[in-house]
Engineer: 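Shown below is the structure under consideration.
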Amino acid sequence: MLSAIFFAVRRARLRAALMACVLLVAPPGLRADSTACEPSPKIRLELETASAAVAGAPDFDHLIAPFLALRRQHPNSLQVHERYQDTVQRYGIEGHLRALTEEYQVLSIQHPDEPMYRYLYARSLMGRNTASAIQQMVALLADQPDFSPAHRSLAEIYASDAFRNPDQAKVERDRFLALCPGSVLAARPGPLPEPSTLIDQAERVLAENGDPNRIAALALQGIRDDERRLQHIRPFDWYSVDFKRQSQRELQAKYWRLWSLQVRCYRRAGQTEKASDLLTSMDQRVAVLLMGSDPGYWDALATLARLYEEGNQKDLATLELGSMQQFLTAHPDPSRAAQLDDLRKRVDPPVH
């Protein structure tokens with residue numbers, strides 16, 4: 001995770017860069033053909049070329065650069081602006097999204113009589129403040145009833161799970177297709193990246209006595225991938241609070257799997273002090289889970305009990321089992337009782 005200071009500095013630099021681009025996007029006096037349903041063949045080809053150029057780009061700056069360049073070359077192309085916005089919203093995190101909205105707010109103020117910029121500002125709010133986006137697009141259509149892009153965006157919003165309104169979706173879709181026959185609507189939101197499977201892969205490599213360094217690297221990359229995925233969920237109102245909480249819990253559970261893998265890798269590499277330090281940190285995190293009544297508390301205790309048992313630290317394992325028993329007494333559960341019994345047999349096998 002970026003530190004708060006680093007992120008603030010980076011966000012400020014990004015905002016400055018984006019605001020500087022405003023001066024390049026729309027020179028005074030230029031009017032946009034904002035009612036075009038589809039990009040011209042030339043613009044379509046340039047957008048496809050830009051998309052191909054960023055395949056596998058290492059970071060946000062590289063992903064967005066070709067679309068910034070296209071926007072400078074074609075400041076009046078609605079489709080170029082839309083693709084730029086879509087790229088920021090797909091790959092950016094909170095600071096990028098905020099800067100995007102601020103940028104298009106400035107453009108809409110600079111060009112109050114041009115519906116394209118009113119629309120693009122409203123569109124920049126989609127997914128982050130969708131209720132406001134709807135309100136602004138409805139107001140725009142009251143003044144410009146044949147402005148097809150607003151009909152399209154409203155149809156997409158009303159077809160989404162979070163803002164589903166089948167009757168309004170049909171009305172807006174029919175109006176859009178009447179203005180733009182043969183055009184298509186996009187699904188909102190776009191598909192999320194699938195949760196990473198690299199930690200699963202790391203656990204398989206560990207079970208096969210693979211290289212500890214490779215195991216640790218796979219697990220760490222898996223966590224980073226899932227952190228990025230969560231960053232594309234949290235800022236958006238396309239997703240419910242329950243879904244966001246569940247995604248956060250799933251990431252937390254993967255962190256515990258990462259730490260467990262790291263402890264085992266340290267032990268295999270003979271780095272017992274590092275393993276001990278990490279276990280101490282994990283124990284401290286368990287206390288935080290308990291204070292917060294976190295649903296992951298039980299699984300964290302079980303993880304620590306197994307790790308201490310594997311390291312022949314019977315006394316520490318027994319302490320974790322005691323905490324599990326206290327929790328079980330307060331929250332009876334047959335499956336957890338069976339799990340606790342199995343762990344006790346591992347820590348203190350019965351004598352035959």
Engineer: Cluster question for you: counting only ILVMFWY and a side-chain heavy-atom cut-off of under 4.5 Å, with indirect links fine, are L290 and V288 together?
Structural biologist: no
Engineer: Between R118, E82, Q136, which is the residue that forms a side-chain contact (heavy atoms from CB on, under 4.5 Å) with R123?
Structural biologist: E82
Engineer: Looking only at heavy atoms, which two atoms of L301 and M324 are closest? And how far apart?
Structural biologist: CB-CG, 3.5 Å
Engineer: Between the side chains of K254 and D200, is the shortest nitrogen-to-carboxylate-oxygen separation below 4.0 Å, so that they form an ion pair?
Structural biologist: no
Engineer: I would like to know whether Y121 and I109 meet side-chain contact (heavy atoms from CB on, under 4.5 Å); could you show each step before the answer?
Structural biologist: CA-CA 10 Å; Y121 171 51; I109 292 170; over 6 Å; no
Engineer: Go through the steps to decide whether M282 and V263 satisfy the test side-chain contact (heavy atoms from CB on, under 4.5 Å), and finish with yes or no.
Structural biologist: CA-CA 10 Å; M282 292 167 73; V263 167; 4.1 Å; yes
Engineer: State, yes or no, whether a side-chain contact exists between M137 and M126 at a heavy-atom distance under 4.5 Å.
Structural biologist: yes
Engineer: Give a yes or no on whether the backbone of A150 and the side-chain of S153 come within a donor-acceptor separation of less than 3.5 Å.
Structural biologist: no
Engineer: Hey, mind stepping through R229 and D225 against salt bridge (Lys or Arg N to Asp or Glu O under 4.0 Å) and telling me if it holds?
Structural biologist: CA-CA 6 Å; R229 181 176 183 272; D225 291 345; over 6 Å; no
Engineer: May I ask you to decide if the ring planes of W259 and W256 are parallel, tilted or perpendicular, using 30° and 60° as cut-offs?
Structural biologist: perpendicular
Engineer: Measuring from S183:OG to R152:CZ, what's the distance to the nearest 0.5 Å?
Structural biologist: 7.5 Å
Engineer: Tell me whether the centres of the aromatic rings in Y104 and H81 are closer together than 6.0 Å.
Structural biologist: yes
Engineer: Please tell me if the side chains of D294 and Q252 come closer than 4.5 Å, counting only heavy atoms from C-beta onward.
Structural biologist: yes
Engineer: Hey, are E310 and R306 close enough for a salt bridge, meaning a charged N less than 4.0 Å from a carboxylate O?
Structural biologist: no
Engineer: Strictly distance-based, threshold 3.5 Å: is any side-chain N or O of H232 a donor or acceptor partner for the main-chain N or O of G92?
Structural biologist: yes
Engineer: Heavy atoms only: give me the nearest L179-D146 pair and the separation to one decimal.
Structural biologist: CD1-O, 3.6 Å
Engineer: Please evaluate residues R98 and E94 with respect to the criterion salt bridge (Lys or Arg N to Asp or Glu O under 4.0 Å), reporting the C-alpha separation (whole Å), side-chain torsions for both, the decisive distance (0.1 Å), and the verdict.
Structural biologist: CA-CA 6 Å; R98 188 179 300 114; E94 179 63 32; 2.9 Å; yes
Engineer: Looking only at non-hydrogen atoms, find the nearest pair between V286 and A300 and report the distance.
Structural biologist: CG2-CB, 3.8 Å
Engineer: So how far is it from T272 OG1 to R267 CZ, rounded to the nearest 0.5 Å?
Structural biologist: 9.5 Å
Engineer: With a 4.5 Å limit on heavy-atom distance, are the side chains of Q271 and Q262 in contact?
Structural biologist: no
Engineer: Looking at D348 and K314, does any basic side-chain N land under 4.0 Å from a carboxylate oxygen?
Structural biologist: yes
Engineer: Look up atom OG in S77 and atom CZ in R44, then write down how far apart they are to the nearest 0.5 Å.
Structural biologist: 11.0 Å
Engineer: Output yes when a side-chain donor or acceptor of E156 lies under 3.5 Å from a complementary backbone atom of A187, and no otherwise.
Structural biologist: no
Engineer: If you compare all heavy atoms of A219 against all heavy atoms of A202, which two are closest, and at what distance to 0.1 Å?
Structural biologist: N-CB, 4.0 Å
Engineer: Checking side-chain polar atoms at under 3.5 Å, does T329 have a donor or acceptor matched by the opposite partner on Q325?
Structural biologist: yes
Engineer: For Y84, is the NZ or CZ atom of R71 found under 6.0 angstrom from the centre of its six-membered ring and inside 45 degrees of the ring axis?
Structural biologist: yes
Engineer: Out of curiosity, S51 OG to E46 CD, how far, rounded to the nearest 0.5 Å?
Structural biologist: 12.0 Å
Engineer: With side-chain contact (heavy atoms from CB on, under 4.5 Å) as the test, would you mind laying out the steps for H96 and I93 before giving the verdict?
Structural biologist: CA-CA 5 Å; H96 303 130; I93 57 177; 3.6 Å; yes
Engineer: Calculate, to the nearest 0.5 Å, the distance between atoms CD1 and CG belonging to I199 and D226 respectively.
Structural biologist: 7.0 Å
Engineer: Verify the neighbour count for atom CZ of R90: are there more than 12 heavy atoms of other residues, nucleotides or ligands below 6.0 Å?
Structural biologist: no
Engineer: With a 6.0 Å cut-off on ring centres, are Y158 and F163 close enough?
Structural biologist: no
Engineer: Under the side-chain contact (heavy atoms from CB on, under 4.5 Å) criterion, do D161 and Y239 qualify, and how do the steps go?
Structural biologist: CA-CA 8 Å; D161 289 338; Y239 308 107; over 6 Å; no
Engineer: Strictly under 6.0 Å, is that where the ring centroids of Y117 and H111 end up?
Structural biologist: yes
Engineer: Check for me, please, whether F236 and V88 land in the same ILVMFWY cluster - side-chain distances under 4.5 Å, paths through other members count.
Structural biologist: yes
Engineer: Give the intermediate values and the outcome of ring pair (Phe, Tyr, Trp, His ring centres under 6.0 Å) for residues F147 and Y119.
Structural biologist: CA-CA 9 Å; F147 190 81; Y119 164 71; 5.4 Å; yes
Engineer: Any link between Y297 and L251 through a network of hydrophobic side chains (Ile, Leu, Val, Met, Phe, Trp, Tyr) touching at under 4.5 Å?
Structural biologist: yes
Engineer: Examine the side chains of R249 and Q246 and answer whether a donor and an acceptor come within less than 3.5 Å of each other.
Structural biologist: yes
Engineer: Distance check, rounded to the nearest 0.5 Å: L120 atom CG versus E114 atom CD?
Structural biologist: 10.5 Å
Engineer: Any side-chain heavy-atom pair from D341 and K345 closer than 4.5 angstrom?
Structural biologist: yes
Engineer: Using every non-hydrogen atom in the two residues, find where C265 and A216 come nearest and quote the distance to one decimal.
Structural biologist: SG-N, 4.2 Å
Engineer: Measure from the side-chain N and O atoms of H74 to the backbone N and O of L70, and report whether any donor-acceptor pair falls under 3.5 Å.
Structural biologist: no
Engineer: State, to 0.1 Å, how close A122 and A133 come at their nearest heavy-atom pair, and which atoms those are.
Structural biologist: O-CB, 3.3 Å
Engineer: Flag the pair I157 / R188 as yes when at least one side-chain heavy-atom distance between them is below 4.5 Å, and no otherwise.
Structural biologist: no
Engineer: Under 4.5 Å between any side-chain heavy atoms of D59 and L63, yes or no?
Structural biologist: no
Engineer: Any side-chain donor paired with an acceptor under 3.5 Å for Y308 and D283?
Structural biologist: yes
Engineer: Are there over 12 heavy-atom neighbours, none belonging to E250, within less than 6.0 Å of that residue's CD?
Structural biologist: yes
Engineer: Indicate if L141 and L177 have the same hydrophobic cluster label, given that clusters are the connected sets of ILVMFWY residues with side-chain heavy-atom separations under 4.5 angstrom.
Structural biologist: no
Engineer: Take atom CZ in R164; do more than 12 heavy atoms of anything else shown fall under 6.0 Å from it?
Structural biologist: yes
Engineer: Using distance alone, with no hydrogens and no angle criterion, decide if D242 and S240 have a side-chain donor and acceptor under 3.5 Å apart.
Structural biologist: no
Engineer: For T130, is there any backbone N or O sitting under 3.5 Å from a side-chain donor or acceptor partner on D237?
Structural biologist: yes
Engineer: Does S276 reach the side chain of Y266, with side-chain heavy atoms less than 4.5 Å apart?
Structural biologist: no
Engineer: Looking at side-chain heavy atoms only, is the closest gap between L154 and I134 below 4.5 Å?
Structural biologist: yes
Engineer: Applying the 4.5 Å side-chain criterion to the ILVMFWY set and letting contacts propagate, would L185 and L78 be lumped into a single cluster?
Structural biologist: no
